[in-house]
Amino acid sequence: KKVDLRHVEKDVLIPQIMRDRAKELCSDKVQAFTKCCQETGILMVVKCRQENTALKDCLVGYYSDPSFYEECKAEYLKQREEYRATGIKKKRQKFTPNV
């Protein structure tokens, strides 16, 4: 059955889950960019361009993947269903990929 999503769910809540999960899935690139910025200071815009590009490519790869969106949407709907059943808002767990 088709689930109707409110505007805020489609445009805010599900993209938030996507961002969080993508950051976790790209954590090696997040760490490399953060480390570069910390070591470089004011010149980070110039010096960390390679790390920044790698991070952006990784994140955008997930953001533009329709199956990743569906996965995150399913996670959101599960959370919403649990909340509606219990009235208890769950803290988002850290996503750990099935390796």
Side-chain angles (χ1 to χ4, degrees):
K1 77 180 186 183
K2 188 180 178 310
V3 178
D4 282 327
L5 292 169
R6 296 183 339 256
H7 160 76
V8 71
E9 293 173 317
K10 256 190 291 218
D11 298 341
V12 179
L13 300 174
I14 294 171
Q16 182 60 55
I17 291 174
M18 290 177 76
R19 276 192 299 278
D20 292 347
R21 285 192 53 195
K23 265 188 222 154
E24 291 162 17
L25 293 166
C26 298
S27 66
D28 55 332
K29 309 215 175 22
V30 171
Q31 286 169 346
F33 179 64
T34 304
K35 186 171 182 273
C36 180
C37 290
Q38 288 167 341
E39 290 170 357
T40 316
I42 198 114
L43 294 172
M44 68 184 171
V45 177
V46 178
K47 296 253 190 193
C48 302
R49 196 172 286 147
Q50 199 177 337
E51 289 82 351
N52 188 28
T53 301
L55 173 58
K56 229 181 337 195
D57 289 348
C58 183
L59 294 172
V60 169
Y62 284 109
Y63 298 157
S64 57
D65 178 355
S67 65
F68 185 68
Y69 175 82
E70 290 303 321
E71 221 175 276
C72 293
K73 181 169 111 178
E75 182 183 329
Y76 169 75
L77 291 172
K78 193 171 139 236
Q79 289 173 2
R80 184 178 81 173
E81 192 180 322
E82 285 172 18
Y83 173 71
R84 286 178 175 176
T86 62
I88 299 167
K89 194 165 172 42
K90 261 176 80 170
K91 278 269 180 227
R92 224 179 88 59
Q93 301 114 342
K94 279 277 185 211
F95 171 73
T96 45
N98 303 332
V99 182

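What you see is a predicted model, and the numbers here were worked out from it, not measured in a lab. In what follows, every heavy atom counts, from backbone to side chain, and hydrogens, waters and symmetry copies are set aside.
With values rounded to the nearest 0.5 angstrom, Gln31 atom CD is found 11.0 Å from Lys29 atom NZ. To the nearest 0.5 Å, atoms CD1 (Ile14) and CG (Leu5) are separated by 4.5 Å. Note: Asp20 CG to Glu75 CD = 9.0 Å, rounded to the nearest 0.5 Å. Cys72 contributes atom SG, which lies 5.5 Å from atom CE of Met18 (distance to the nearest 0.5 angstrom).
By the 4.0 Å N-to-carboxylate-O rule, Arg21 lies too far from Glu24 to be salt-bridged with it. Under the 4.0 Å criterion applied to side-chain N and carboxylate O atoms, Glu39 and Lys47 are not assigned as salt-bridge partners.
Closest of all the heavy-atom pairs between Ala22 and Tyr62 is CB-CB, 3.9 Å. Of all non-hydrogen atoms in Arg19 and Val12, the two that sit nearest each other are NH2-O, 4.4 Å.
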List the steps, then state whether salt bridge (charged side-chain N to carboxylate O under 4.0 Å, His left out) holds for Arg84 with Glu81. CA-CA 5 Å; Arg84 286 178 175 176; Glu81 192 180 322; over 6 Å; no
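Across the pair Cys36 and Cys48, the gap between the SG atoms, which is the quantity tested here, stays under 2.5 Å.
Remark: Gln50 CD is loosely packed, at most 12 non-hydrogen atoms of other residues, nucleotides or ligands lying under 6.0 Å away. Atom CD1 of Ile42 has 12 or fewer neighbouring heavy atoms from other residues, nucleotides or ligands inside a 6.0 Å radius.
Within the structure, the salt bridge (charged side-chain N to carboxylate O under 4.0 Å, His left out) test picks out the following pairs touching residues 7-18 (sequence neighbours left out): Arg6-Glu9, Glu9-Arg80.
Side-chain heavy atoms closer than 4.5 Å link hydrophobic residues (I, L, V, M, F, W, Y) into clusters, and following such links, even through other members, never connects Tyr83 to Ile17. In the hydrophobic cluster analysis, where Ile, Leu, Val, Met, Phe, Trp and Tyr join through side-chain heavy atoms closer than 4.5 angstrom, Val60 is grouped apart from Phe68.
Shown here are the side-chain hydrogen bond (donor to acceptor under 3.5 Å, both in side chains) partners of Asp28, two or more places apart in sequence or in another chain: there are none.
Connectivity analysis of hydrophobic side chains (ILVMFWY, heavy atoms under 4.5 Å, direct or indirect) links Leu59 to Val30, Phe33, Leu55, Tyr63.
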